[in-house]
Undergrad: 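Have a look at this one before I ask anything.
Proteins get letters first, then strands, A, B, ... in listed order; numbering begins at 1 in each. These numbers were taken from a predicted model, which means no experiment stands behind them.
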Amino acid sequence: MARILITSAIPYINGIKHLGNLVGSQLPADLYARYMRARGHEVMFICATDEHGTPAELAAAKAGKPVAEYCAEMWQVQKDLSDGFRLSFDHFGRSSSPQNRKLTQHFAGKLAENGLIEEVTEKQVYSNADGRFLPDRYIEGTCPNCGYDKARGDQCENCTKQLDPTDLIEPRSAISGSTDLEVRETKHLYLRQSLLKDKLDEWIDSKTDWPILTTSIARKWLHDGDGLRDRGITRDLDWGVPVKKGDQDWPGMEGKVFYVWFDAPIEYIAATKEWADAHGQPDADWQRWWRTDKGADDVRYVQFMGKDNVPFHTLSFPATIMGSGEPWKLVDYIKSFNYLNYDGGQFSTSQGRGVFMDKALSILPADYWRWWLLSHAPENSDSEFTWENFQTSVNKDLADVLGNFLSRITKFCRSKFGEAVPDGGSYATEEQGLIDRLTSGLRTYEEHMEAMEIRKAATELRALWAAGNEYLQAAAPWTVFKTDPDRAAAITRLSLNLIRFYAVISRPFIPDASAAMMAAMRTGDDSWPEDVAKALAALPPGHAFTVPEVTFRKITDEEREDWQARFAGQRSAA
RNA sequence: GGGCCUGUAGCUCAAUGGUUAGAGCAGAGCGCUCAUAACGCUUUGGUUGGGGGUUCGAGUCCCUCCGGGCCUACCA
């Protein structure tokens, strides 16, 4: 039995996430966690909300609430949606937790002790009207290059030119519109990750089995220009982890907080302590996952994230861990994803374009979404959600291939033998052929799941479902029954056992349907089919079952058209 | 501008440099009647974006052009 630590990139607190966010980290992480648990491994699956930073402050202000209150509410919203999608986190934490505050300050202290923190005085734009420093992108003005009047302080979206806020003509605050801006000096801490460049470079080079997407992004940052640059890890904000050196004050840094991307990954660790604390367990229980001197040596740590998060997980966070000089667990494998687009464009929160997690659950059960998203996960390139594809995939795969199989065999059995696994007859070459087919397919499925080849795993799983229909069609118990009822009983007995087999192996993808299948077969035996022949004998003759209700109803054309219109969003007039 | 990814059947995607480039969906035909108008079998469909090169052999490697996408360090 292995021990596997799994973290999903932590979603930002600001608003409800869309399906692209879901499939980019949390959902595949859940698939992997569920699979590994099913195989008998010890799993710690951690996620949390990322709560600090300017957007959270602004969203809270817009909602007319104190930021702490806003975050607490949004955490609950996101938690409920995670539950709705059956994300099986062992703990869903908060980056604003006291545990993370303490741990973040601890890391900063260690980094400072080791000479990896530099204090830098720099000039930033301050808005008097807003009473705050403004991040570059919160400053708008006219682009000196192309004249576009909504250019941002970091880049002009119209001509794509990189800008400095001071380049803008007639700059104004994007928050209030105020032009009462000034440049002020302010002091910040920088993580001297450039000092760790060679070590990081070597470390990345050693990860030859990582997705190209992951390593190429890391290498780009390591080798671009003068190499890895130091990074500011503090901000002039109210909402965040106060800057401290361990438990000591940090002279000159009063009133400042750590930058979200410094404290967010540390929350992976802190959330595990939150988990232990919530269960009244001692520190040793979370440390055995994270401290290589306290049992984490044999832990395999896998991270899941969208490609936008890769630099922080391949460079900044490892730099934090390496730089601490303490024996914290480094990531072993990073599975990264491209983006999911929506019907010819991007998901857009501001335009309400695309399907968001709350709306998705309001129209269909989680399994529908899980199946489509995972079987179309953007592993090699960006992929696209269309309602037509969603409808045909779900109807065909779930309703026709899997759902109808359950239906046809249970109803056949009820009409000929009653609602119990029939006795009599024996297995012949057809059954052995099916068992061989299922065994080889299952081994392939396992290999894809181990390798986190998600779409390939989904394809193989579907093929295993289809194999049941092929078998049933060829064996034709409804015909055989007329001349040899015992033989028909044997075919039916095997087919009913297939339902439990499918429930067990499909559970990581469609947990609710699997549970319904197990309930219908009145069994709690969810042991993984190491030996397929044995697994297909789990339900013995005489074992009673219930003919299930329609497990997956089909999506109608009317529904598809309705949803297509509802989620198209407001096309921008421009 | 720079870097990376990507382009394969109408659609979504496979194919350690090695038989005749394969699946699913959609289309066509046949079969079955247990079932959610479901299932099974057969089948049509390709100048692998264009061009050049390396090789006994290229979807795969190299060069070049074209298209799509992402990243580019103060959104997170």
Side-chain angles (χ1 to χ4, degrees), chain A residues 9-14 21 50-56 58 122 124-125 133-139 152-155 160-162 164-165 188 193 211-213 215-217 219-221 223-225 228-232 235 259-261 264 306-312 315-316 338-339 341 346 375-376 378-384 386 388-389 391-393 395-416 453 455-456 458-460 462-463 466 468-479 481 488 491-492 495 549-554:
Chain A
I10 66 178
Y12 197 63
I13 192 70
N14 179 13
N21 299 130
D50 178 13
E51 303 192 358
H52 297 135
T54 307
L58 297 180
E122 56 191 13
Q124 299 227 332
V125 174
F133 282 95
L134 296 176
D136 290 357
R137 75 161 40 200
Y138 285 97
I139 303 161
R152 292 190 323 215
D154 55 345
Q155 186 177 33
T160 73
K161 186 177 172 58
Q162 306 265 337
D164 190 87
H188 282 298
Q193 51 188 18
I212 291 173
L213 184 64
T215 51
S216 65
I217 291 172
R219 289 207 173 89
K220 164 67 174 170
W221 282 52
H223 300 296
D224 190 41
L228 187 61
R229 294 177 226 168
D230 293 339
R231 194 175 183 97
R235 292 291 183 271
Y259 176 44
V260 276
W261 266 114
K307 58 186 167 187
D308 50 334
N309 281 342
V310 169
F312 304 101
L315 304 168
S316 305
N338 285 284
Y339 292 146
N341 290 316
Q346 295 190 337
S375 62
H376 293 79
E379 290 175 296
N380 295 325
S381 59
D382 292 353
S383 65
E384 178 166 326
T386 64
E388 287 84 359
N389 188 305
Q391 182 193 23
T392 56
S393 294
N395 284 356
K396 198 72 198 168
D397 299 347
L398 297 183
D400 294 346
V401 176
L402 178 61
N404 185 53
F405 177 82
L406 318 179
S407 190
R408 65 192 297 204
I409 189 59
T410 50
K411 286 179 181 170
F412 174 78
C413 184
R414 178 171 62 185
S415 72
K416 302 296 191 239
E453 293 271 13
R455 279 179 309 182
K456 288 179 181 173
T459 299
E460 192 59 43
R462 195 202 118 103
N469 282 311
E470 290 164 24
Y471 163 74
L472 207 54
Q473 201 65 32
W478 45 90
T479 303
F481 183 79
I491 295 167
T492 304
S495 299
E549 297 298 315
V550 169
T551 311
F552 297 102
R553 71 166 186 86
K554 293 201 189 191

Undergrad: Any side-chain heavy atom of A:Pro477 within less than 4.5 Å of one from A:Phe412?
TA: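 Heavy-atom side-chain distance check passes, below 4.5 Å.
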Undergrad: Between A:Tyr259 and B:A76, is there a side-chain N or O to OP1/OP2 distance below 4.0 Å?
TA: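 For B:A76, OP1/OP2 do have a side-chain N/O of A:Tyr259 under 4.0 Å.
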Undergrad: Between C1' on B:C41 and CG on A:Leu472, what's the gap in Å once rounded to a whole number?
TA: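 Those two atoms, CG and C1', are 15 Å apart.
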Undergrad: Looking at every strand, decide which applies to A:Phe481 at a 4.0 Å heavy-atom threshold: base, sugar-phosphate, or nothing.
TA: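 A:Phe481: no heavy atom of the nucleic acid under 4.0 Å.
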Undergrad: Would you give the length of the straight line joining atom CG of A:Leu472 to atom CD1 of A:Ile491, rounded to the nearest 0.5 angstrom?
TA: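 Answer rounded to 0.5 Å: 8.0 Å.
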Undergrad: Take A:Thr386 and A:Glu384, measure what side-chain contact (heavy atoms from CB on, under 4.5 Å) needs, and give me the verdict at the end.
TA: CA-CA 6 Å; A:Thr386 64; A:Glu384 178 166 326; 3.6 Å; yes
Undergrad: Distance between the C1' atoms of B:A14 and B:G59, in whole angstroms?
TA: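 Roughly 11 Å separates the two C1' atoms.
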Undergrad: Is there a side-chain polar atom (N or O) of A:Lys411 under 4.0 Å from OP1 or OP2 of B:U36?
TA: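 Indeed, a polar side-chain atom of A:Lys411 lies that close.
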Undergrad: Sticking with atom C1', work out how far B:C25 lies from B:U44, rounded to a whole angstrom.
TA: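 One C1' to the other, the span is 15 Å.
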Undergrad: Can you tell me how far P in B:A28 sits from the matching atom in B:U33, rounded to whole Å?
TA: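 About 23 Å, rounded to a whole number of Å.
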Undergrad: Report the distance from atom CD of A:Glu379 to atom NZ of A:Lys456, rounding to the nearest 0.5 Å.
TA: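 Answer rounded to 0.5 Å: 8.5 Å.
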Undergrad: Can you check whether any acceptor in the base of B:A76 is under 3.5 Å from a donor in the side chain of A:Asp50, or vice versa?
TA: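 Counting by modelled atom types and ignoring angles, no donor-acceptor contact under 3.5 Å is found here.
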Undergrad: I'd like to check the side chain to side chain contact (heavy atoms under 4.5 Å, CB included) partners of A:Ser216; sequence neighbours left out, ordered by chain and number.
TA: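 Partners of A:Ser216 under the side chain to side chain contact (heavy atoms under 4.5 Å, CB included) test: A:Ile212.
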Undergrad: Carefully, step by step, assess A:Arg455 and A:Asn380 under the rule side-chain contact (heavy atoms from CB on, under 4.5 Å).
TA: CA-CA 10 Å; A:Arg455 279 179 309 182; A:Asn380 295 325; 3.0 Å; yes
Undergrad: Quick one: on RNA chain B, does A:Asp136 or A:Phe552 contact a more 5' nucleotide (nearest heavy atom)?
TA: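 Whichever sits nearer the 5' end wins; that is A:Phe552.
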Undergrad: Any side-chain to backbone donor/acceptor pair from A:Asp50 onto A:Ile13? Under 3.5 Å, distance only.
TA: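 Pair absent, no side-chain N/O of A:Asp50 close to backbone of A:Ile13.
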Undergrad: Given A:Lys554 and A:Asp400, is the salt bridge (charged side-chain N to carboxylate O under 4.0 Å, His left out) satisfied, shown in steps?
TA: CA-CA 9 Å; A:Lys554 293 201 189 191; A:Asp400 294 346; 2.7 Å; yes
Undergrad: Check whether any side-chain N or O of A:Ser407 sits under 3.5 Å from a backbone N or O of A:Gly403 as a donor-acceptor pair, and report yes or no.
TA: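 No.
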Undergrad: Can you give me the N/O atom pairs linking the protein to nucleotides 22-28 of chain B at distances under 3.5 Å, or say none if there are none?
TA:
unit_1 : atom_1 : unit_2   : atom_2 : d
B:G24  : O3'    : A:Arg462 : NH2    : 3.0

Undergrad: For A:Tyr12, give me all partners under ring-ring contact (aromatic ring centres under 6.0 Å, His included), at least two apart in sequence or on another chain.
TA: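 With sequence neighbours excluded, A:Tyr12 shows a ring-ring contact (aromatic ring centres under 6.0 Å, His included) to no residue whatsoever.
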Undergrad: Looking at the side chain of A:Pro135, which of B:C74, B:A35, B:A76 is the nearest nucleotide?
TA: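 Nucleotide nearest to A:Pro135's side chain: B:C74.
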Undergrad: Describe the nucleic acid contact of A:His376 in one word from base, sugar-phosphate, nothing, applying a heavy-atom distance below 4.0 Å.
TA: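 The answer is sugar-phosphate, as A:His376 gets under 4.0 Å only of primed atoms, P, OP1 or OP2.
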Undergrad: When the P atoms of B:G49 and B:C11 are compared, how many Å lie between them, rounded to an integer?
TA: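 One P to the other, the span is 13 Å.
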Undergrad: Could you tell me whether the phosphate oxygens of B:G69, OP1 or OP2, come under 4.0 Å of any side-chain nitrogen or oxygen in A:Gln346?
TA: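 Looking at the OP1 and OP2 atoms of B:G69, neither is under 4.0 Å from any side-chain N or O of A:Gln346.
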Undergrad: Between B:A37 and B:G24, how far apart are the two P atoms, rounded to whole Å?
TA: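 It works out to 22 Å between them.
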Undergrad: Roughly, in whole Å, what's the span from CG in A:Leu406 to C1' in B:A38?
TA: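 Atom CG in A:Leu406 sits about 12 Å away from atom C1' in B:A38.
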Undergrad: Calculate the interatomic distance between A:Ile409 atom CD1 and B:G40 atom C1'; express it in whole Å.
TA: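 Rounding to the nearest Å, CD1 of A:Ile409 and C1' of B:G40 are 15 Å apart.
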Undergrad: When you measure from the side chain of A:Asp230 to the backbone N and O of A:Gln193, does any donor-acceptor pair fall under 3.5 Å?
TA: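 Judged by distance alone, yes, a pair lies under 3.5 Å.
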Undergrad: For B:A73 and B:G3, measure between their C1' atoms and round to the nearest Å.
TA: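 B:A73 and B:G3 have their C1' atoms separated by 14 Å.
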Undergrad: With a 3.5 Å cut-off and just heavy-atom distances, do the side chain of A:Arg408 and the base of B:A38 make a donor-acceptor pair?
TA: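 No, the side chain and the base share no sub-3.5 Å donor-acceptor pair.
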Undergrad: If you measure from the P atom in B:G67 to the same atom in B:G27, how many Å do you get, rounded?
TA: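 Nearest-Å result for B:G67 against B:G27 at atom P: 35 Å.
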Undergrad: Mind checking if A:Glu122 touches a base, just sugar-phosphate, or nothing, with heavy atoms under 4.0 Å?
TA: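 It contacts base atoms.
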Undergrad: Let me know the distance between CG of A:Asn469 and C1' of B:U36, rounded to the nearest Å.
TA: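 Whole-Å distance recorded here is 12 Å.
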Undergrad: Once you apply a heavy-atom cut-off of 4.0 Å, does A:Val260 come out as touching a base, just sugar-phosphate, or nothing?
TA: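 Sugar-phosphate, backbone atoms only, no base.
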Undergrad: Identify whether any heavy atom of A:Pro55 sits under 4.0 Å from a base atom; if not, whether one sits that close to sugar-phosphate; answer base, sugar-phosphate or nothing.
TA: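 Contact class for A:Pro55: sugar-phosphate only.
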Undergrad: Run through RNA chain B and report every stem of 3 or more consecutive Watson-Crick or G-U pairs, distances under 3.5 Å, ordered by first number.
TA: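 The stems that RNA chain B takes part in, listed by first number, are B:1-7 with B:66-72, B:10-13 with B:22-25, B:27-31 with B:39-43, B:49-53 with B:61-65.
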Undergrad: Would you say A:Arg231 reaches B:C74's phosphate, i.e. side-chain N/O to OP1/OP2 under 4.0 Å?
TA: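 So the side chain of A:Arg231 is within the cut-off, an N or O lying under 4.0 Å from OP1 or OP2 of B:C74.
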Undergrad: To the nearest Å, give me how far apart NZ (A:Lys307) and C1' (B:C75) are.
TA: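 Rounded to the whole Å, the gap is 17 Å.
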Undergrad: Starting at the 5' end of nucleotides 2-8 of chain B, put B wherever the base has a protein heavy atom under 4.0 Å, S where only the sugar-phosphate does, and a dash everywhere else.
TA: BSSS---
Undergrad: With a 4.0 Å cut-off on heavy atoms, is A:Lys456 in touch with a base, just the backbone sugar-phosphate, or nothing at all?
TA: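 Touches sugar-phosphate only.
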Undergrad: So what does A:Thr410 touch, heavy atoms closer than 4.0 Å: a base, only the sugar-phosphate, or nothing?
TA: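 Nothing, no nucleic acid heavy atom in range.
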Undergrad: Quick one, A:Thr492 and A:Ile409 - any side-chain contact, counting heavy atoms below 4.5 Å?
TA: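 A:Thr492 vs A:Ile409: side chains touch.
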Undergrad: Have a look at A:Phe312 and say if it touches a base, only the backbone sugar-phosphate, or nothing, with a 4.0 Å heavy-atom cut-off.
TA: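 Counting heavy atoms under 4.0 Å across all strands, the contact made by A:Phe312 includes a base.
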Undergrad: Heavy atoms under 4.0 Å, any strand shown: does A:Arg455 hit a base, just sugar-phosphate, or nothing?
TA: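 Answer is sugar-phosphate: A:Arg455 comes under 4.0 Å of backbone atoms only.
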Undergrad: Anything under 3.5 Å between a protein N or O and an N or O of nucleotides 30-33 of chain B, put it in a table, one pair a line.
TA:
unit_1 : atom_1 : unit_2   : atom_2 : d
B:G31  : N2     : A:Gln473 : NE2    : 3.1
B:C32  : O2'    : A:Trp478 : NE1    : 3.3

Undergrad: Assuming nearest nucleotide by heavy-atom distance, tell me which of A:Ser383 and A:Thr54 is located more 5' along RNA chain B.
TA: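 Nearest-nucleotide comparison on RNA chain B picks A:Ser383.
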Undergrad: Mind checking the CZ-NZ spacing from A:Phe552 to A:Lys396? Nearest 0.5 Å is all I need.
TA: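 Here the interatomic distance stands at 15.5 Å.
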Undergrad: So do A:Leu402 and A:Thr551 actually touch side chain to side chain, heavy atoms under 4.5 Å?
TA: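 A:Thr551 does not reach A:Leu402 side chain to side chain.
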Undergrad: Between B:U16 and B:G45, how far is it from one C1' atom to the other, in whole Å?
TA: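 To the nearest whole Å, 29 Å.
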Undergrad: When you get a sec, tell me which of B:C70, B:A76, B:A38 is the closest nucleotide to the side chain of A:Asp400?
TA: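 For the A:Asp400 side chain, the nearest candidate turns out to be B:A38.
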Undergrad: Any donor and acceptor pair, going by atom type alone, linking the side chain of A:Asn14 with main-chain N or O of A:Ala56 inside 3.5 Å?
TA: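 No, because the side chain of A:Asn14 does not come within donor-acceptor range (under 3.5 Å) of the backbone of A:Ala56.
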Undergrad: Do A:Gln473 and A:Arg408 have side-chain atoms, one donor and one acceptor, less than 3.5 Å apart?
TA: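 Yes, side-chain donor-acceptor contact under 3.5 Å.
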Undergrad: Taking the side chain as C-beta and beyond, is there a heavy-atom pair between A:Ser316 and A:Trp261 under 4.5 Å?
TA: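 No; the side chains remain at least 4.5 Å from each other.
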Undergrad: Report the distance from atom CZ of A:Arg219 to atom C1' of B:U72, rounded to the nearest whole Å.
TA: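 The distance from CZ of A:Arg219 to C1' of B:U72 comes to 18 Å, rounded to the nearest Å.
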Undergrad: When you measure from the side chain of A:Trp221, which nucleotide among B:C39, B:C70, B:C71 comes out closest?
TA: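 When the side chain of A:Trp221 is considered, B:C71 is the closest of B:C39, B:C70, B:C71.
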